[in-house]
Amino acid sequence: QVKLVESGGGLVQPGGSLRLSCTASGRTFSSGVTAWFRQSPGKEREFVLGKRWRFGSTNARDSVRGRFTISRDNARNTVYLQMTNLNSEDSAVYFCAASDRELIHSSLPDRNNYDYWGQGTQVIVSS
């Protein structure tokens, strides 16, 4: 059974940084796609960024490009979302998602393409 567990959320001031973790059991992050989505109250879950590990390509929404990065630690079977220069619009519950398939670049934002989801971790950006 595959399980993804996010951690690292919390309260951070505007302009600050935070690193989220997504640790997997039952699968590795060596192939396929891993992505981060987020959801704010009253809004739909939206794509943040994702990476196709075999091809090394990253797809990110415009508002986080240059501020958020995704990386992995194979030894810990963990994927990270490093977030910098945070603002109030980044406040949301962040979800880790993984697909076993080698998705094409343009299909990363479609949440229907993901096989596994974590339970989410909340990020609040506030002074």
- Query: Atom CG of N112 and atom OG of S107: how far apart are they, to the nearest 0.5 Å?
  - Reply: 11.0 Å

- Message: So Q82 and S71, do their side chains get closer than 4.5 Å, heavy atoms only?
- Response: no

- Output for pair (L108 CG, S57 OG), nearest 0.5 Å, gives 7.0 Å

- Check whether L49 and Y116 end up in the same hydrophobic cluster, where Ile, Leu, Val, Met, Phe, Trp and Tyr are linked by side-chain heavy atoms less than 4.5 Å apart. yes

- Can you find a pair of side-chain heavy atoms, one from T34 and one from R72, that are under 4.5 Å apart? no

- Between S91 and S40 the two heavy atoms that sit nearest each other are O-OG, 3.1 Å

- In terms of hydrophobic clusters joined by side-chain contacts under 4.5 Å, are F47 and M83 together? no

- Can you measure from CZ (R19) to OG (S17) and round to the nearest 0.5 angstrom? 12.0 Å

- Query: Is E46 salt-bridged to R61, cutoff N-O under 4.0 Å?
  - Reply: yes

Please set out all donor-acceptor pairs under 3.5 angstrom arising from side-chain atoms of residues 3-14, sequence neighbours excluded.
| unit_1 | atom_1 | unit_2 | atom_2 | d |
| --- | --- | --- | --- | --- |
| E6 | OE1 | Q119 | N | 2.9 |
| E6 | OE1 | G120 | N | 2.9 |
| E6 | OE2 | C96 | N | 2.7 |
| E6 | OE2 | G120 | N | 3.3 |

- Heavy-atom closest pair, residues Y114 and A35: OH-CB, 3.4 Å

- Item | Set of side chain to side chain contact (heavy atoms under 4.5 Å, CB included) partners for R45, sequence neighbours left out | F37, Q39, F95, R111, W117

- Message: Applying a strict under-4.5 Å side-chain criterion to I, L, V, M, F, W and Y, I'd like to know whether Y80 and W36 cluster together.
- Response: no

- Specify the closest pair of heavy atoms between I124 and Q122, including all atoms of both residues, with the distance to one decimal. CG1-CG, 3.9 Å

- With distance as the sole test, does N59 use its side chain to make a donor-acceptor pair with the main-chain N or O of H105 at under 3.5 Å? yes

- Item | Test side chain to side chain donor-acceptor pair (under 3.5 Å) applied to S31 and R54, step by step | CA-CA 6 Å; S31 60; R54 183 168 296 179; 4.7 Å; no

- Task: For R101, check side chain to side chain contact (heavy atoms under 4.5 Å, CB included) against everything at least two apart and list the hits.
- Result: S99, L103, N113, D115

- What pairs of residues pass the disulfide bond (SG atoms under 2.5 Å apart) test when at least one of them lies in residues 26-83, not counting sequence neighbours? none

- Mind checking whether V79 and V33 sit in one hydrophobic cluster, side chains of I, L, V, M, F, W, Y counted as touching below 4.5 Å? no

- So how far is it from K51 NZ to I70 CD1, rounded to the nearest 0.5 Å? 7.5 Å

- May I ask you to decide if R27's main-chain N or O and N77's side chain share a donor-acceptor pair within less than 3.5 Å? yes

- Task: Please report the C-alpha distance between T78 and T23 in whole Å, then the side-chain angles of each, then the deciding distance to 0.1 Å, and finally whether the side chain to side chain donor-acceptor pair (under 3.5 Å) criterion is met.
- Result: CA-CA 4 Å; T78 298; T23 300; 2.9 Å; yes

- Got a sec, which pairs hit ring pair (Phe, Tyr, Trp, His ring centres under 6.0 Å) with one end in residues 52-74, sequence neighbours left out? none

- Query: Can L20 be reached from V64 by stepping across I, L, V, M, F, W or Y side chains whose heavy atoms are under 4.5 Å apart?
  - Reply: yes

- Message: Less than 4.5 Å apart, side chain to side chain, heavy atoms only: is that true for L18 and V123?
- Response: yes

- Query: Got a sec, which pairs hit salt bridge (charged side-chain N to carboxylate O under 4.0 Å, His left out) with one end in residues 81-93, sequence neighbours left out?
  - Reply: R38-D90, R67-D90

